[in-house]
Amino acid sequence: MCTSLRGALVRAVERGFPPGPWVLVLGMHRSGTSALTGALSHLGLVLPDAVDLVTGRYDNPVHYESQALTDLDDAILRALGGSWSAPPVLEPGWERSAAVLGVMGDGPGAARRAFPHGGPSLWKDPRHCLLLPLWRSILPPPVVVVFLWRAPLAVARSLGTRQGFSPSLGLALWERYNREALAGLAGHAVYVMSYEELQADPQGSLTDVAHWLDTDGRAPTQVDDDAIRAAASTVDRRPVRQEDEGELPEVIAETVAALASLAGAHDRLPATRTGPAPSWMADVIAQRRDYEDLYVHYMRYVKWRRRIPLVGRRSRPGGS
């Protein structure tokens with residue numbers, strides 16, 4: 001290990017972060033990252049501690065996400081003025097802002113709760129698409145990424161079923177998450193694959209990514225055939241619904257084409273340029289943010305109102 005990496009590792013350990021290696025699974029919500037993370041955990045990569053795992057819904061009971069680290073990522077997004085479903089506008093240098101630094105004090109503690117036994121740590125959180133520059137600057141090396149993307153209309157449809165989001169909000173979120181992810185990943189080691197590819201050929205997909213992870217000291221990974229077959233058996237192989245790309249806004253179609261062209265392993269992901277997002281995407285996300293802010297204020301009012309004793313109610317004579 002070179003002197004600079006050793007120094008970074010020592011500083012990270014002194015700050016309390018588990019030393020890793022760190023394998024980050026990135027991908028927009030509802031893009032199959034739970035399936036990929038579950039499969040990779042069969043190849044020797046370490047999931048968050050069982051007592052720290054997020055509890056999912058009946059139709060997606062296991063997310064393989066750390067509750068402590070997810071709470072921290074949500075706090076970071078709130079500090080920046082947004083949420084996972086209404087992402088903030090990230091200005092240059094946001095990861096060094098006072099707002100972010102103010103909530104990062106529990107970062108080492110959250111990481112230790114998630115990974116008390118060390119790595120290679122397998123950390124999946126769709127919020128990484130937005131927050132990767134921050135975590136890459138903090139986590140001890142090596143930090144590598146497996147980036148999974150899914151057809152945008154499939155994601156929007158799934159968000160509509162799960163969260164009640166409109167198709168326009170679903171597509172706007174897909175565009176924002178993937179735009180930020182590609183910007184944050186440029187120049188770094190990453191393996192890119194689509195969920196449709198993983199579903200169609202789980203054994204082949206996992207073989208390729210496992211061998212990439214196990215090469216050049218990225219993250220010790222089991223690459224024997226039995227382990228990969230066991231991992232592949234966990235992936236749902238339901239038929240993939242074909243989406244009509246003609247229905248997509250131009251910027252999303254451009255991003256789909258860019259993602260498809262980036263399939264596979266990269267020691268340094270090339271920069272990706274797409275056109276600007278149309279104004280309606282920013283508008284629909286801003287509307288969602290306004291709704292969430294209003295809901296927070298409403299719930300504060302409800303809690304305040306419940307503390308006020310009822311007045312003016314008198315008991316009838318002889319009554320209770």
Side-chain angles (χ1 to χ4, degrees), residues 26-31 33 73-100 125-134 147-187 192 194-195 241 243-262 269-298:
L26 264 69
M28 169 62 192
H29 298 269
R30 311 307 301 156
S31 290
T33 53
D73 278 347
D74 280 334
I76 294 168
L77 289 172
R78 285 196 300 272
L80 292 167
S83 67
W84 76 263
S85 52
V89 177
L90 299 175
E91 302 293 344
W94 64 266
E95 66 272 23
R96 299 183 298 275
S97 67
V100 170
D125 187 348
R127 297 159 187 80
H128 288 152
C129 292
L130 307 171
L131 301 178
L132 181 62
L134 171 66
F147 180 37
L148 187 71
W149 65 280
R150 185 183 183 187
L153 290 176
V155 170
R157 187 176 294 111
S158 184
L159 285 170
T161 301
R162 174 63 65 91
Q163 304 291 151
F165 290 175
S166 66
S168 58
L169 177 58
L171 289 174
L173 289 172
W174 187 96
E175 194 279 335
R176 178 73 61 84
Y177 269 69
N178 283 282
R179 178 185 293 272
E180 296 290 350
L182 288 170
L185 287 169
V192 181
S194 71
Y195 181 53
R241 177 172 179 172
E243 305 292 343
D244 182 358
E245 301 298 337
E247 300 176 25
L248 298 175
E250 182 177 356
V251 68
I252 292 184
E254 290 177 359
T255 306
V256 167
L259 288 167
S261 72
L262 293 170
L269 188 75
T272 301
R273 288 182 173 84
T274 57
S279 60
W280 67 261
M281 290 186 176
D283 291 343
V284 75
I285 291 175
Q287 290 169 5
R288 174 69 190 182
R289 193 177 304 120
D290 290 343
Y291 165 79
E292 291 180 0
D293 289 344
L294 182 62
Y295 182 77
V296 168
H297 285 89
Y298 169 72

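Hydrogens, waters and symmetry mates play no part in the numbers below; they use all other heavy atoms, side chains included.
One distance of note links CG of Leu169 with CZ of Arg176; it measures 10.5 Å at 0.5 Å rounding. To the nearest 0.5 Å, atom CG of residue Asn178 and atom OG1 of residue Thr274 are 10.0 Å apart. Atom CD of Glu175 and atom CD of Glu254 lie 10.0 Å apart (nearest 0.5 Å).
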Test side chain to side chain contact (heavy atoms under 4.5 Å, CB included) applied to Asp73 and Leu130, step by step | CA-CA 10 Å; Asp73 278 347; Leu130 307 171; over 6 Å; no

Chi angles and distances behind the side chain to side chain contact (heavy atoms under 4.5 Å, CB included) call for Leu148, Arg150 = CA-CA 7 Å; Leu148 187 71; Arg150 185 183 183 187; over 6 Å; no

Which is it for Val192 and Leu185 under the side chain to side chain contact (heavy atoms under 4.5 Å, CB included) test, yes or no, and what are the steps along the way?
-> CA-CA 11 Å; Val192 181; Leu185 287 169; 6.0 Å; no

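Pairing each heavy atom of Ala271 with each of Ala186, the nearest pair is CA-CB, 4.0 Å. Residue Pro167 comes nearest to Ala156 through the heavy atom pair O-CB, 4.1 Å, listed as atom of the first residue, atom of the second, then distance. Here the closest heavy-atom approach between residue Gly27 and residue Thr33 is recorded as CA-CG2, 3.8 Å.
Evaluation of the ring pair (Phe, Tyr, Trp, His ring centres under 6.0 Å) rule for Phe147 yields no partner, not counting sequence neighbours.
Taking 4.5 Å as the limit, some side-chain heavy atom of Leu262 sits within range of a side-chain heavy atom of Pro270. Side-chain atoms of Met281 and Pro249, non-hydrogen and from C-beta on, do get closer than 4.5 Å to each other. The closest side-chain heavy-atom distance from Leu77 to Pro88 is below 4.5 Å. Two residues are said to be in side-chain contact when any heavy atoms from C-beta on lie closer than 4.5 Å; Thr255 and Arg179 fail this criterion. Side chains of His29 and Leu173 form no contact here, defined as non-hydrogen atoms less than 4.5 Å apart. The shortest distance between side-chain heavy atoms of Trp94 and Val89 does not fall below 4.5 Å. Contact check for Ser194 versus Leu259: no side-chain heavy atoms found under the 4.5 Å cut-off.
Screening Leu159, Ile252, Val251 against Leu171 for a side chain to side chain contact (heavy atoms under 4.5 Å, CB included) leaves a single residue, Ile252.
Between the Ser158 side chain and the Val155 main chain, no donor and acceptor come within less than 3.5 Å of each other. Without hydrogens or angle criteria, Tyr177 side chain to Trp84 main chain gives a donor-acceptor distance under 3.5 Å. Between the side chain of Trp149 and the backbone N or O of Val256, no donor-acceptor pair lies under 3.5 Å. Distance alone, capped at 3.5 Å, is enough to place a donor-acceptor pair between the Thr161 side chain and the Arg157 backbone.
If you check the side chains of Ser168 and Ser166, you find a donor sitting under 3.5 Å from an acceptor.
Listed by first and then second residue, the side-chain hydrogen bond (donor to acceptor under 3.5 Å, both in side chains) pairs involving residues 280-295 are Ser83-Glu292, Ser85-Glu292, Arg288-Glu292 (not counting sequence neighbours).
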